[in-house]
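Proteins get letters first, then strands, A, B, ... in listed order; numbering begins at 1 in each.
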Amino acid sequence: MELYDLTLKEASEKLRKHEVSSLELTEAQLRRIEEVDEKVKAYLSVTADLALQQARLVDASMYGEASSGSSQLRSPLAGIPMALKDVFSTRGVRTTCGSKILENFVPIYDATVAQRLKQAGTILLGKTNMDEFAMGSSTENSSYFPTHNPWDLETVPGGSSGGSSAAVAARECFFALGSDTGGSIRQPASLCGVVGLKPTYGRVSRYGLVAFASSLDHVGPFTRTVEDCALVMNCLAGHDERDSTSINAPVPDYTKALIPDLKGIRLALPKEYFVEGMDPGVEQAVRAAVTKLEELGAEVDEVSMPHTKYALSTYYIIAPAEASANLARYDGVKYGLSDVDAQTMWESFFQTRDKGFGKEVKRRIMIGTYALSSGYYDAYYIKAQKARTMIKGDFDKVYEKFDAIICATSPTVAFKIGAKANDPLAMYLSDVLTIAANMSGVPGISVPCGFSEGLPVGLQILGPVLGEEKVLRVAYAYEQATNWHKQNPPL
Amino acid sequence: MTVATETEYEVVIGLETHIQLQTASKMFCGCSADYANAAPNSHVCPVCLGMPGVLPVINSKAIEYIIKLGLALHCEIPEYSKFDRKNYFYPDLVKGYQISQFDLPICINGWLEIEVEGRRKRIGITRIHQEEDTGKLTHTNLNGEEVTLVDYNRSGVPLMECVSEPDISTPAEARAYLTKLRQMVRWLGIGTGNMDEGALRCDANVSIMPKGSKVFGTKIEIKNMNSISAVHEALGFEIKRQEEELQAGAVLKQQTRGWDEEKRVTVFQRLKEGSSDYRYFPEPDLPPLQLQADYLAQIRTSLPELPEARRDRFIQEYDLSLYEAELLTGSRATADWFEESLGEEKTPQRARATANWILNELFAHLKEKGAELDEAKIQPRQLASLIDLVQKGTITPKSAKEVFEEMFATGREAAEIVKEKGLPQLSDEAALATVVDKVIAESPKAVADFRAGKEASLNFLIGGVMKATRGTANKDVVTRLLREKLS
């Protein structure tokens, strides 16, 4: 067994027992990246020198006499190499958002989560690939290159955080962060056979997460196990004064929620989540998982969430509307790509944005601009907000009686690269099961629950607002009773 | 032959006023809001530069300030208010949208009272909303190349927009409205209101229609006026221009015009076809504002006595004229200065004397020096002690002016100056009698005239005594002595 095969928890314990150094872990990960990333293409940039330097510093602090007992030593994440989706602002480290418009953009500040991870003593290995500005479900919309699913290099890893999910699946890092606006953590986690959590809206700070759709954007981790997920969440969660939408509530120790049985837990199985066009293999795996959850003591009942069918269309009004404003700042005046050959100011704006943005981003800016235009605003944006309230209402009603909702994360397993690239609507359907949780802001996790056609299937567990502990408990119990998470892709 | 009768027009004016708030930090970040006194792009951070990933955090001081103005202008402050994004592209707008307020502003439905030619009138305030300022563009020639430089120090400085109802009917009313509004901003201590620095900016919407018409004329917007008198003059010009156009049979088109300070005319800038589509939508990065009743009550309690209330109190309590009271409440500093120099002596007589000193002497001296009240060396308590000296008869009013002169120049105490100049008033009868005898001896003609019944000659003799004593003699005593000695 190689060092990179360890889980975060195992690596952390070895570090603590001085059986391995952070430098050794980092070097092992960097070698692994060198070995497999040519095939997987998970990373947009690898910060090897910085990583080695950071690892030496952490080692000095962990072994050195002078700083023993420092806060870095206390975090179980200290010395652990990890990756960030290239959507997080990292001071001094290029941040592209998968876009040409930010090709050479080096931020001057750290995102709150990047800062928290730095303070905990983690080692940044690099920035991972993504659909441009997190718009997409396959990572094919990256302006640089597509990422390949480690389980089958001809298929997509999902998206938009496909670089992070592939990096964790290919064991090119011990954990990674992603962002989830309509399913961008859970869907790629499902397609790559790893654990991905989208926390409650406001539980993890968005400061420094480059905005796609502010009211729907979430930050969360990708890990190989549920326990690792809880460990990372302990570091990420918490109030941030710089994010006015962040929740000021005490942060529990999420590892305490990891109980391997489900006695007294009530789970809702919404019938609307078994959608038309779902892979039979996916449905089979999810039904089997339901049986397993019942065996573990959970009560499972079918419920109806009647407004689910409006989630996708509602999302494709609200998200592009917010995006059209969020992406207006890329005008070539202050940073990023700038068309300096233009003759006039307006020409420069137009050329910069025309050259800098890809097709899907332009499509969404246009949809959003249209939806917000006077004369259409009420028919689209206002109506979508009303629908959003009703979708939220569905969730509230279910949680009156149930602890969590269970369903598939993605209706299909990983599809072939290029298969949906020219069919935006088919691509949008990839998120049909994940989007409602972004509308309602509730936490959701995807855990591996089997294989269909040799590719991973994910089970989605959605909890009530601030119900991360419930979600983690169900996921943990299920994971401990199965072996899916122990499978590694054949690289 | 028929003579065309000139149509009489009715004027409709509405003002939109942007007012910068004088908070220590910017609207949505911790940067210093003091943009004017800093090197370009030195008061900036990721937030006010609109870097990818940043989020706004509301400056609660700015909210407090706008509520203060709202309360002072009799506005309703709804419990629920929110921020919206106003979308448009411009190089001085870092995010490509301005955080502003669209349909639920913080203050609505207020009014401000103005007085023009003795007539009081209420001008309605439609709304006051909170937003952020933009950066500043400078077009210049750099190494032979025409360039535009951007300074983002001003980006994110808190700004209020106060929109009036179209209740204003003359340029003079517009001037009175702006003067009052600026007075209020300064009175509350929430902004400088300095138009020349851009801390207060006013756009005017003006239309004219035949008197008695029910249909409004074409609305024309005027921009680029950087003083209250410019607003007055531009409106006057524009009304005349529109009248002439209409008289000539022209049809006015909705447009934006700019005030040309040099040529003193409004110049066509662009046509306004329909309203611009700013695609407003609720700012998702900021939760809606919930303004609780006790929070509003707290702000209401913290409000100082407002100009009108104070003016009316001055009239009632001190028996001052409306004119005097208006002048003394022109700014909070003046009113404070006045009441501070009154001290505990709140008699109407004392108040009148104090008002006279401030309105005549102090203001004249300040004006001559081009100085503001807070720059005056003389302090309110010092003026009070000068007035004391006059009222006790220690010095004459004439000497007092000389002493004031010195106090204004140096800030020294009145008693000290009086002593140094040898100015105490001569009330000592024995000493005065000697002078009186001497003047009588030197003016036989005047003495004879007086004895012959020419009362006016007494004034000549009094003048002689005053001259001999360099104005320090107590006039009452001198008069009595002269009458005694000549009878």
Participant: Regarding B:Asn153 and B:Asn41, do their side chains bring together a donor and an acceptor under 3.5 Å, going by distance alone?
Facilitator: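 Result is no, nothing qualifies.
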Participant: Chain B heavy atoms under 4.5 Å from A:Val210: which part of the residue, side chain, backbone, both or neither?
Facilitator: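 Answer is both: backbone and side chain atoms of A:Val210 are under 4.5 Å from chain B.
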Participant: To the nearest 0.5 Å, what is the distance between CG on B:Leu93 and CZ on B:Phe89?
Facilitator: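 Separation between the atoms: 9.5 Å.
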Participant: For B:Lys136 and B:Ser155, which I'm curious about, is there any donor-acceptor pair between the side chains at under 3.5 Å?
Facilitator: no
Participant: Under a 3.5 Å threshold, yes or no: a donor from one side chain and an acceptor from the other, between A:Thr245 and A:Asp243?
Facilitator: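 Note: A:Thr245 and A:Asp243 side chains meet the donor-acceptor criterion.
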Participant: What part of A:Phe88 lies closer than 4.5 angstrom to a heavy atom of chain B: side chain, backbone, both or neither?
Facilitator: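 Interface part for A:Phe88: neither.
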Participant: Using a cut-off of under 4.5 Å on heavy-atom pairs, state which of B:Val94, B:Leu49, B:Leu286 scores highest against chain A.
Facilitator: B:Val94
Participant: Please identify, among A:Tyr335, A:Tyr376, A:Tyr377, the residue contributing the most non-hydrogen atom pairs under 4.5 Å to chain B.
Facilitator: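 Greatest number of close heavy-atom pairs with chain B: A:Tyr335.
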Participant: Counting only non-hydrogen atoms closer than 4.5 Å, does B:Tyr90 touch chain A with its backbone (N, CA, C, O), its side chain (CB onward), both, or neither?
Facilitator: both
Participant: Check whether B:Asp285 gets within reach of chain A through its side chain, its backbone, both or neither, counting any heavy atom under 4.5 Å.
Facilitator: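 Both the backbone and the side chain of B:Asp285 come within 4.5 Å of chain A.
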Participant: Any side-chain donor-acceptor pair under 3.5 Å between A:Ser99 and A:Glu132?
Facilitator: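 Note: A:Ser99 and A:Glu132 side chains meet the donor-acceptor criterion.
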Participant: What pair of heavy atoms forms the shortest contact from B:Asp203 to B:Lys223, and how long is it?
Facilitator: OD2-NZ, 3.1 Å
Participant: Just by distance, with hydrogens left out, do B:Arg201 and B:Asn224 show a side-chain donor and acceptor under 3.5 Å apart?
Facilitator: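 No.
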Participant: Is A:Gln385 in contact with chain B via its backbone, its side chain, both, or neither, using a 4.5 Å heavy-atom distance?
Facilitator: neither
Participant: Could you tell me which of B:Gly50, B:Pro284, B:Pro52, B:Pro282 has the largest number of non-hydrogen atom pairs under 4.5 Å with chain A?
Facilitator: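 Option with the top pair count is B:Pro52.
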Participant: Contact part of A:Phe349 toward chain B, heavy-atom cut-off under 4.5 Å: side chain, backbone, both or neither?
Facilitator: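 For A:Phe349, side-chain heavy atoms alone lie under 4.5 Å from chain B.
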Participant: Under a 4.5 Å cutoff for heavy-atom pairs, which residue among A:Thr369, A:Asp331, A:Ile108 has the most contacts with chain B?
Facilitator: A:Thr369
Participant: In terms of heavy-atom proximity below 4.5 Å to chain B, should A:Ala321 be classed as side chain, backbone, both, or neither?
Facilitator: backbone
Participant: Under 3.5 Å, is there a donor on one side chain and an acceptor on the other for B:Glu146 and B:Asn141?
Facilitator: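 Yes, B:Asn141 and B:Glu146 have a side-chain donor paired with an acceptor closer than 3.5 Å.
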Participant: Tell me, side chain or backbone of A:Asn326 under 4.5 Å from chain B's heavy atoms, or both, or neither?
Facilitator: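 Both parts, backbone and side chain.
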Participant: Check whether A:Ala111 gets within reach of chain B through its side chain, its backbone, both or neither, counting any heavy atom under 4.5 Å.
Facilitator: neither
Participant: Please rank B:Pro287, B:Gly96, B:Pro91 by heavy-atom pairs under 4.5 Å with chain A and give me the top one.
Facilitator: B:Pro91
Participant: With a 3.5 Å cut-off and no angle check, do the side chains of A:Ser160 and A:Asp131 form a donor-acceptor pair?
Facilitator: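 Per modelled atom types, A:Ser160 and A:Asp131 side chains form no pair under 3.5 Å.
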